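Comments concern the structure below.
Below, chains carry the letters A, B, ... as their sequence lines are ordered, and counting in each starts from 1. Predicted model only: the values in this text are computed from it and were never measured.
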Amino acid sequence: MEKDKLLQRLLNEPYLLKEKQLFDKLTGENSVWWIKGKDLKKRTIFFPQPSCPYLRKKSCFSQLSKLIKDNRRLNRCAYNFRIFSFPIFLNSEKTASFYLYICHFRKDIPLLAIECLENSLKLILDKIKKEEELKEIYETVKPRAIALSTVHTVHRLIASTLNLDELLPRIARLCLQVLRAKKCIISLVDPVKKTISPKAYIDLDNKDALVQKISPRKLKYERWVLNNAKVYLQKDILCVPLIDQDVVGTIRVENKLTGDSFNHAEREILTVLGEQAVVAIKNAQLYEERGRIIWGSIRSLAALLDIRLPDTYTHPIGFVEIVLEIGKELKLSEEEMEALKYAALLLDAGKISIPDEILMKPSKLTGKEYSLIKEHPIKSAEIVGTIEAMKPAVPLIMHHHERYDGKGYPMGLRKGEIPLGARIISLADAFEAMVCKRPYRGESMSIEEAVREIKKSSGTQFDPLVVKAFLKLVKEERIKNIICRLQERR
Amino acid sequence: MDKIAKALKSPIKKKIILFFRENPQAVDSVRGISTWLNLKSGIARKYLEELVKDNILIAHRGATTTGYAYTQDEDILKRIEEYLGLNDEERDTD
């Protein structure tokens, strides 16, 4: 503990003031307390403000010096006032750093009162020293705790998405934040081609910075890191490898906001961030791979069903695209969008249990035949539900023939009881049926006629929220192109 | 009065700004910041979001948490320093 700090603490210590008040009460005196040290010759600090008229006089100081020299606790000053001195030691020093003088006593002070005061002062001093020690520990530990908390928060932020397109810019932004840098480029190695290419790029000085605009020639630091599997650190450029058994990518940060060079501590910080990032990137890549495998399996199942009777048990990709566009417009989550995608392709797979002559019958169905048709969502759900990854799609398939007013099937659910995905599919399915010609049905409607029908059924057959999203989308050229492709196919 | 000056008039917002000024590399959640600054989490969240709206803080939003961090806008950083310098001068002359 530093001398000045201890002195400051003593002067601001409320217990010391209380101690003075108590001591004055006990002795019936109006004592003067002040602190002086060998190196504090010119800085005599009074506590509280002095009331002794002789205090500033030279003779008074000479008596004090004598008191210190003789190492005595009690003395009389030139004006016959009693003085008591209390040495204050810093840490484990042998000589006192400074003294607390208590003077201006007219009578002798009882020894017992002095001993009591001495003990109290020792306790106050110990308390101050302990508090300062704790403060020092806290001040040392706190920045480390904040850094640890930052690492934890960054980990949570990057582990909360499995979408690589979202993850990489997020990592880049966090690296810029933690390193207080202006530019960050994340590049990944193509495992087949063994080349490195930029995947995320943020430049605070250029808001329009696009990763596509980075020329591979500009990745010289990345190539060096890739070839050497080492960190590159040079003034305002810091590039670390992303290592998962082998180097799978790099993170490069440039130009600190302060204009300083990157240091070794920052090199360690970016290395830690890189270690966290590589785990998140690998997870996202595996998740993407898993999605591709599942989608491939579902497409294979759809292809098998199409061999049996084309476009009867499955829906074309264009239909899936329309369903997904509505889902996107309604801001469905990643998981909900995935379930919607899987459900849209195989929602009619259960029709395989219905005889062809009923499915293709151009005339009105009998009650028994219609009952069979009404069972297909349940059958579809049973077929699809056997695949683990398709489980979230099952409720959407099961209820895609429910109506918003509760008059649909198989369960007659209404409004919010019907999963939102099923409400989306229900509208898209009806729209597709209206605009696409089918062999067992008459002429198809124009897009405008079908849109009018959809509007008419808003709030009865269809969810008004879904209708609103659909009506907004159907005006867009790209959606019209998808519908045209669907019509041509049918 | 601009947003920065207004924010610095609020003792809690000033406390948060000073925390991030002292730890500009920090990215922390409501829980973390309320711990460091001894604030109730509801209050911390309210003021952190207001500071995000004022562009003094950045919110990195994830599915399960939001990480709050100090702005990297050099103009805003410069103005904060100017206001804080001014406040110090005012205090010194008191």
Electrostatic pair A/K127:A/E131 at N-O distance under 4.0 angstrom: yes
Minimum heavy-atom distance between B/P24 and A/R180, given as atom pair plus value: O-CD, 3.2 Å
A/L176 versus chain B, the contacting section by heavy-atom distance below 4.5 Å: both
Region of B/N23 in contact with chain A, defined by heavy-atom distances below 4.5 Å: side chain
Salt-bridge present (A/R9, A/E132; N to O < 4.0 Å): yes
CG on A/L465 to CD on A/E329, rounded to 0.5 Å: 10.0 Å
Which portion of B/T71 sits near chain A, non-hydrogen atoms under 4.5 angstrom: backbone
Spatial distance of atom CG (A/N255) from atom NZ (A/K183) [nearest 0.5 Å]: 6.5 Å
Under 4.5 Å from a heavy atom of chain A, the part of B/Y70 involved: both
Residue A/L257 versus chain B: region with a heavy atom under 4.5 Å: both
Part of B/I58 lying under 4.5 Å from any heavy atom of chain A: side chain
Interchain contact, A/A145 with chain B, by part (heavy-atom threshold 4.5 Å): both
Under 4.5 Å from a heavy atom of chain A, the part of B/Q72 involved: both
Interchain contact, A/T161 with chain B, by part (heavy-atom threshold 4.5 Å): neither
Nearest-0.5 Å distance, CZ of residue A/R144 to CD of residue A/E139: 12.5 Å
From A/Q276 atom CD to A/L157 atom CG, the distance as rounded to the nearest 0.5 Å: 10.0 Å
Residue among A/A159, A/S149, A/A181 with most heavy-atom pairs under 4.5 Å to chain B: A/S149
Salt bridge (Lys or Arg N to Asp or Glu O under 4.0 Å) partner of B/E50, chosen from B/R45, B/K6, B/K13: B/K13
Residue part contacting chain A, namely of B/R61, when any heavy atom lies under 4.5 Å: backbone
Which of A/R170, A/K142, A/E166 touches chain B most, by non-hydrogen pairs under 4.5 Å: A/R170
